[in-house]
S.K.: 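Following this message is one structure expressed as structure tokens.
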Amino acid sequence: MELPIAPRAVQVSPDELIRAAKRASIILGRMAATESQLDSATTLTNPDRPDVQTVNFAADVHLPENVEATEVFEQISKHFDHAGTVCKMLLARESTWPEALASQFESHGYQPQKVTVYLLTGYLRPTQIDKTLQIIPGRAAYKQLQQFFKHDATSGNSINDIKANDLAYTQIDFLDEPRTESFLGRRNGNPVGSVCLVSLGQTGMIYNATAAQDTFSSETMITLLAHTLDHCQRALFEQVIVECADQNPVADIFLQLGFRPAASYIKFLGTGN
């Protein structure tokens, strides 16, 4: 079973893949944050969820003409202070950071994180499908999906109940975006995994692919992703992408399904992420 991948002549470039991944962050963030335009960035803020980076970040960060890097940092910082929250993530407008901006953010405690964008280059549906797994649309079980997101947030992480709830509610809010889909995997009625997808024109981007750590199996995740890719085939996406931070164990599963590293970029994360 092959996805209708676009002919190589019209396939997107690495820079376009990176822009698509960053655009998805803005599209989703709008569902639970206030968007503002600064001279040097687009910001998303939600002071009610100050520890959630996906609704407290600056995108399209750049150096306007005749502006110093220190001025860009001060403008962004003052904006977030005025909004009553803290910038938890920074995404550059271009595929690579201007050296002056990168140095400026690092000097204020932001840590660089390499992110790889994987592109599906050829897909044959796997044979190791978990036939005991029931997969339903996430919107058909909002309460259960929210409980799963909270459980996933706390598994292996020392975070408090407030932050876990904020993370879960944010993922649910993202589903208010009509271009999103979510799939919930259940075993014996209990949620064990989920995958979300956002449509970016002719490109589908998978995000928040996760399985319960206490019952994790690669077969569960492979089954959920196979179901998601079947949906992508029906949607006639020309490209399907996903981004993973380095050392994310799920990346190995994407490789098994035919995804290949196609581009990479650096994001900066604030303390506590």
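Keep in mind that the numbers below use all heavy atoms, side chains included, and drop hydrogens, waters and symmetry copies.
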S.K.: If we only count heavy atoms from C-beta on, is the Ile136 to Arg186 side-chain gap below 4.5 Å?
M.R.: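 The answer is yes; the side chains approach within 4.5 Å.
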
S.K.: Determine whether Thr85 and Asn46 make a side-chain contact, defined as any pair of heavy atoms from C-beta on separated by less than 4.5 Å.
M.R.: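 No. Closest side-chain heavy atoms not under 4.5 Å.
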
S.K.: Does Thr121 use its side chain to pair, donor to acceptor, with the backbone of Gly258 at less than 3.5 Å?
M.R.: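 A pair under 3.5 Å: yes.
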
S.K.: Go through the steps to decide whether Leu90 and Trp97 satisfy the test side-chain contact (heavy atoms from CB on, under 4.5 Å), and finish with yes or no.
M.R.: CA-CA 10 Å; Leu90 296 151; Trp97 283 93; 3.9 Å; yes

S.K.: Do you see a donor-acceptor pair shorter than 3.5 Å between the side chains of Thr45 and Asn56?
M.R.: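 There is no such pair between these side chains.
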
S.K.: Check whether any side-chain heavy atom of Leu224 lies under 4.5 Å from a side-chain heavy atom of Ser194, and answer yes or no.
M.R.: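 Answer no - side chains too far apart.
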
S.K.: Is there a side-chain contact between Asp51 and Asp166 (heavy atoms, below 4.5 Å)?
M.R.: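 Side-chain contact under 4.5 Å: no.
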
S.K.: Please find the pair of heavy atoms, one from Gly84 and one from Pro47, that lie closest to each other, and give the distance.
M.R.: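 Between these two residues, the closest heavy atoms are O-CB, 3.5 Å.
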
S.K.: Taking all heavy atoms of Asp176 and all of Met31, pick out the closest pair and write down the distance.
M.R.: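 Result for this residue pair: C-SD, 3.7 Å.
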
S.K.: Any sub-3.5 Å donor-acceptor pair from Arg139's side-chain atoms to Leu175's backbone N or O?
M.R.: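 Flag set: sc Arg139 to bb Leu175 pair under 3.5 Å.
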
S.K.: Calculate, to the nearest 0.5 Å, the distance between atoms CD and CD belonging to Gln256 and Gln128 respectively.
M.R.: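 Separation between the atoms: 6.0 Å.
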
S.K.: Nearest 0.5 Å please: distance from the OG1 atom of Thr54 over to the CE atom of Met89.
M.R.: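 Those atoms lie 7.0 Å apart.
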
S.K.: Minimum heavy-atom separation for Ala32 and Val55, please, with both atom names.
M.R.: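 The answer is CB-CG1, 3.7 Å.
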
S.K.: Kindly say whether Gln104 contributes a backbone atom to a donor-acceptor pair with the side chain of His108 at under 3.5 angstrom?
M.R.: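 Answer holds: yes.
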
S.K.: Side chains of Gln144 and Leu184, heavy atoms from C-beta outward: is any pair under 4.5 Å?
M.R.: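 Yes, their side chains come closer than 4.5 Å.
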
S.K.: Decide yes or no for Leu167 and Ile159: does some side-chain heavy atom of the first lie under 4.5 Å from some side-chain heavy atom of the second?
M.R.: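 When only atoms from C-beta onward are counted, Ile159 and Leu167 do touch, with a gap below 4.5 Å.
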
S.K.: Under a 3.5 Å distance rule, please check whether Asp130 uses its side chain to pair with a backbone N or O of Glu219 as donor and acceptor.
M.R.: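 No, because the side chain of Asp130 does not come within donor-acceptor range (under 3.5 Å) of the backbone of Glu219.
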
S.K.: Check salt bridge (charged side-chain N to carboxylate O under 4.0 Å, His left out) between Asp252 and all other residues, then give those that pass, not counting sequence neighbours.
M.R.: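 With neighbours one apart ignored, the set is empty.
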
S.K.: If only atom types and distance count, is the side chain of Ser103 paired as donor or acceptor with the main-chain N or O of Ala100 below 3.5 Å?
M.R.: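 No; judged by distance alone, with no hydrogens or angles, the pair does not exist.
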
S.K.: Taking atom OG1 of Thr154 and atom CZ of Phe149, what is their separation to the nearest 0.5 Å?
M.R.: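 Reported value, rounded in 0.5 Å steps: 13.5 Å.
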
S.K.: Hey, is the main chain of Asn190 close enough, under 3.5 Å, to the side chain of Asn188 for a donor-acceptor pair?
M.R.: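 No, because the side chain of Asn188 does not come within donor-acceptor range (under 3.5 Å) of the backbone of Asn190.
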
S.K.: Test side-chain contact (heavy atoms from CB on, under 4.5 Å) on Asn208 and Val195 and set out the steps.
M.R.: CA-CA 6 Å; Asn208 200 30; Val195 175; over 6 Å; no

S.K.: Can you confirm whether Glu99 is buried at CD, in the sense that more than 12 heavy atoms of other residues, nucleotides or ligands lie under 6.0 Å from that atom?
M.R.: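 Atom CD in Glu99 is not crowded, with 12 or fewer foreign heavy atoms closer than 6.0 Å.
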
S.K.: Taking only residues two or more places apart in sequence, or in another chain, which ones meet Arg93 in a salt bridge (charged side-chain N to carboxylate O under 4.0 Å, His left out)?
M.R.: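 Arg93: no salt bridge (charged side-chain N to carboxylate O under 4.0 Å, His left out) contacts found.
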
S.K.: Under the side chain to side chain donor-acceptor pair (under 3.5 Å) criterion, do Arg49 and Thr170 qualify, and how do the steps go?
M.R.: CA-CA 9 Å; Arg49 300 175 191 172; Thr170 299; 3.0 Å; yes

S.K.: Is there a side-chain contact between Lys88 and Phe57 (heavy atoms, below 4.5 Å)?
M.R.: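 No, too far: nothing below the 4.5 Å cut-off.
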
S.K.: Same cluster for Leu91 and Phe80 if Ile/Leu/Val/Met/Phe/Trp/Tyr side chains link at under 4.5 Å?
M.R.: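 They do not share one cluster, since no chain of ILVMFWY contacts under 4.5 Å joins Leu91 to Phe80.
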
S.K.: So, using salt bridge (charged side-chain N to carboxylate O under 4.0 Å, His left out) as the criterion, who are the partners of Glu71 when residues are at least two apart?
M.R.: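 By the salt bridge (charged side-chain N to carboxylate O under 4.0 Å, His left out) rule, Glu71 matches no residue at all.
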
S.K.: Are Tyr207 and Phe174 close enough that some pair of their side-chain heavy atoms sits under 4.5 Å apart?
M.R.: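 Result yes, sub-4.5 Å side-chain heavy-atom pair found.
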
S.K.: Tell me the closest heavy-atom pair linking Leu257 and Pro126, and the distance in Å.
M.R.: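 Shortest heavy-atom separation between Leu257 and Pro126 comes out as CD2-CG, 3.8 Å.
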
S.K.: Mind checking what makes salt bridge (charged side-chain N to carboxylate O under 4.0 Å, His left out) contact with Asp60, not counting sequence neighbours?
M.R.: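 Asp60 satisfies salt bridge (charged side-chain N to carboxylate O under 4.0 Å, His left out) with no other residue.
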
S.K.: Hydrophobic clustering (ILVMFWY, side-chain heavy atoms < 4.5 Å, transitive) - are Val86 and Phe73 grouped together?
M.R.: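 They do not share one cluster, since no chain of ILVMFWY contacts under 4.5 Å joins Phe73 to Val86.
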
S.K.: Could you tell me which non-hydrogen atom of Phe237 sits nearest to which non-hydrogen atom of Ser199, and how far apart they are?
M.R.: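 Residues Phe237 and Ser199, closest heavy atoms: CE2-OG, 3.6 Å.
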
S.K.: Is Ile129 reachable from Met221 through a run of I, L, V, M, F, W or Y residues, each pair having side-chain heavy atoms under 4.5 Å apart?
M.R.: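 Result: no, two separate clusters.
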
S.K.: Scan the side chains in residues 260-270 for donor-acceptor partners under 3.5 Å anywhere in the protein, sequence neighbours excluded, and list what turns up.
M.R.:
| from | atom 1 | to | atom 2 | distance (Å) |
| --- | --- | --- | --- | --- |
| Arg260 | NH1 | Leu255 | O | 2.9 |
| Tyr265 | OH | Glu243 | OE1 | 2.7 |
| Tyr265 | OH | Glu243 | OE2 | 3.4 |

S.K.: Do Ile241 and Leu120 pass the side-chain contact (heavy atoms from CB on, under 4.5 Å) test, and can you show the C-alpha distance, the side-chain angles, and the key distance before you say yes or no?
M.R.: CA-CA 6 Å; Ile241 62 174; Leu120 185 64; over 6 Å; no

S.K.: Walk me through it: do Thr116 and Lys114 pass the test side-chain contact (heavy atoms from CB on, under 4.5 Å)?
M.R.: CA-CA 7 Å; Thr116 299; Lys114 182 181 177 183; 4.3 Å; yes

S.K.: How far does CG of Leu229 sit from CZ of Arg125, to the nearest 0.5 angstrom?
M.R.: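 Going from CG on Leu229 over to CZ on Arg125, the span is 9.0 Å.
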
S.K.: Counting only heavy atoms from other residues, nucleotides and ligands, does the tally under 6.0 Å from CD of Glu68 exceed 12?
M.R.: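 Not more than 12 within 6.0 Å, no.
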
S.K.: Tell me whether His62 contacts the main-chain N or O of Pro98 through its side chain, where contact means a donor paired with an acceptor under 3.5 Å.
M.R.: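 The answer is no, because no donor-acceptor pair under 3.5 Å joins these two groups.
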
S.K.: Kindly give the heavy-atom pair with the smallest separation between Gly193 and Phe148, and that separation in Å.
M.R.: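 Looking at all heavy atoms of both residues, the closest pair is CA-CZ, 3.5 Å.
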
S.K.: Say you draw a straight line from CG of Leu63 to OG of Ser40; how long is it, rounded to the nearest 0.5 Å?
M.R.: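 So the CG of Leu63 and the OG of Ser40 are separated by 8.5 Å.
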
S.K.: Would you say Val250 ends up clustered with Leu197 if hydrophobic residues are merged whenever their side chains have heavy atoms under 4.5 Å apart, either directly or through other cluster members?
M.R.: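 Same hydrophobic cluster.
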
S.K.: If you group Ile, Leu, Val, Met, Phe, Trp and Tyr by side-chain heavy-atom gaps below 4.5 Å, do Ile206 and Val192 land in one group?
M.R.: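 Result: yes, single cluster for both.
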
S.K.: Hey, what do you get for CD1 (Ile162) to CG (Asp48), rounding to the nearest 0.5 Å?
M.R.: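 Atom-to-atom, Ile162:CD1 and Asp48:CG are 12.0 Å apart.
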
S.K.: Table please: side-chain donor-acceptor pairs of residues 13-27 below 3.5 Å, with sequence neighbours left out.
M.R.:
| from | atom 1 | to | atom 2 | distance (Å) |
| --- | --- | --- | --- | --- |
| Ser13 | OG | Glu16 | N | 3.2 |
| Ser13 | OG | Glu16 | OE1 | 3.3 |
| Asp15 | OD1 | Ser95 | OG | 2.8 |
| Glu16 | OE1 | Ser13 | N | 2.7 |
| Lys22 | NZ | Ala92 | O | 2.7 |
| Lys22 | NZ | Glu94 | O | 2.9 |

